[in-house]
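Quick note on labels: first sequence line is chain A, next is B, and so on, each numbered from 1.
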Amino acid sequence: GQNIDQPTEMTATEGAIVQINCTYQTSGFNGLFWYQQHAGEAPTFLSYNVLDGLEEKGRFSSFLSRSKGYSYLLLKELQMKDSASYLCAVREDSNYQLIWGAGTKLIIKP
Amino acid sequence: DGGITQSPKYLFRKEGQNVTLSCEQNLNHDAMYWYRQDPGQGLRLIYYSQIVNDFQKGDIAEGYSVSREKKESFPLTVTSAQKNPTAFYLCASRATGFSNQPQHFGDGTRLSIL
């Protein structure tokens with residue numbers, strides 16, 4: 001079956017680094033997306049990985065290991081505005097439908 | 001500015017009533033999607049459309065209906081058959097040219113039962 005696991009909630013300190021993990025079990029794999037969602041707002045796209053390795057984009061980086069069914073989102077130099085939920089989504093095949101994890105709520109403390 | 005507009009932001013439904021949620025995009029995207037978001041759960045796909053005048057059921061289509069008469073518009077009707085409609089509804093669109101194109105979301109409609 002299809003399954004995407006993320007921790008429900010994480011807490012980190014302003015200025016620190018946090019890693020949010022995502023593991024997936026799907027019948028196929030054709031890309032993994034990370035989104036940020038502030039409470040009551042729309043998800044916004046952060047990153048896309050389809051090949052193994054690290055993709056860096058400013059303070060945010062995303063890593064993928066297809067053999068392990070594993071990805072992480074790394075947030076550096078945390079700011080209070082990074083307090084949000086982070087959603088992991090996997091595309092199984094070429095029909096472009098996404099399977100979504102439940103999201104990780106990140107709380108940033110001063 | 002290009003984007004996706006959902007309206008209304010808040011909506012209340014009475015028993016036995018059908019309600020329609022609007023979604024309009026000016027991004028010239030071919031594909032459009034409707035999701036439902038409940039607390040503690042991932043986004044669940046209700047319906048999607050890859051092209052005008054064509055749409056497919058997602059994982060939780062029962063009690064919902066859609067139309068795609070124009071490229072820009074993809075309205076969702078929550079019918080009285082949907083017994084638990086209280087949720088946050090998100091509309092998304094996507095360019096279909098390349099596989100790395102992400103879905104872009106509207107600001108959502110929060111539906112509640114009166």
Side-chain angles (χ1 to χ4, degrees), chain A residues 1-9 20 22-51 53 55 57 60 62 64 71 73 84-105, chain B residues 2-7 9-10 21 23-25 27 29-51 54-61 87-112:
Chain A
Q2 308 164 337
N3 194 45
I4 298 181
D5 287 320
Q6 303 179 237
T8 302
E9 188 174 296
I20 302 174
C22 171
T23 58
Y24 62 89
Q25 294 173 313
T26 54
S27 58
F29 180 83
N30 195 17
L32 186 145
F33 294 83
W34 283 97
Y35 282 79
Q36 179 191 61
Q37 186 179 25
H38 286 98
E41 298 183 8
T44 55
F45 169 70
L46 290 177
S47 69
Y48 169 75
N49 294 72
V50 68
L51 299 176
E55 294 281 344
K57 198 183 287 187
F60 293 10
S62 57
L64 175 68
S71 175
L73 182 69
S85 289
Y86 291 86
L87 313 180
C88 172
V90 172
R91 185 169 59 218
E92 275 192 310
D93 56 35
S94 59
N95 72 4
Y96 301 116
Q97 307 322 312
L98 298 180
I99 304 164
W100 295 82
T104 298
K105 183 178 180 180
Chain B
I4 301 173
T5 302
Q6 289 188 241
S7 62
K9 193 171 180 65
Y10 299 96
L21 284 61
C23 178
E24 302 279 333
Q25 54 99 359
L27 299 168
H29 287 170
D30 286 311
M32 297 187 74
Y33 308 81
W34 273 107
Y35 290 98
R36 171 180 171 140
Q37 187 174 35
D38 294 280
Q41 297 189 39
L43 300 183
R44 291 186 289 168
L45 184 64
I46 304 172
Y47 269 98
Y48 66 99
S49 169
Q50 305 274 39
I51 197 169
D54 188 46
F55 50 82
Q56 284 78 42
K57 293 182 178 179
D59 300 321
I60 57 165
F88 189 44
Y89 290 86
L90 287 161
C91 178
S93 71
R94 177 184 175 276
T96 55
F98 298 95
S99 61
N100 64 347
Q101 294 298 311
Q103 294 182 13
H104 298 271
F105 287 84
D107 288 336
T109 293
R110 194 166 295 279
L111 176 62
S112 303

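- In this structure, B:Pro102 and A:Phe45 approach most closely via the heavy-atom pair CB-CD1, 3.4 Å.
- Looking at residues two or more places apart in sequence or on another chain, you find a ring-ring contact (aromatic ring centres under 6.0 Å, His included) between B:Phe105 and A:Tyr35, A:Trp100, B:Tyr35.
- Under the side-chain hydrogen bond (donor to acceptor under 3.5 Å, both in side chains) criterion, B:Gln6 pairs with no residue at all, not counting sequence neighbours.
- The most heavy-atom pairs under 4.5 Å with chain A, out of B:Arg44, B:Gln37, B:Arg110, come from B:Gln37.
- Each of A:Gly31, A:Gly103, A:Ala42, A:Pro43 has some count of heavy-atom pairs under 4.5 Å with chain B, and the biggest count is that of A:Pro43.
- Interface remark: B:Arg94 contributes side-chain atoms only to the contact with chain A (heavy atom separation under 4.5 Å).
- The two residues B:Tyr33 and A:Gln97 have their closest heavy-atom pair at CE2-OE1, 3.2 Å.
- Across all their heavy atoms, A:Ala102 and B:Gly40 have their closest contact at CB-O, 3.6 Å.
- Only the side chain of A:Gln37 comes within contact range of chain B, judged by heavy atoms closer than 4.5 Å.
- Considering CG of B:Leu43 and CD1 of A:Ile99, their distance stands at 12.5 Å, rounded to 0.5 Å.
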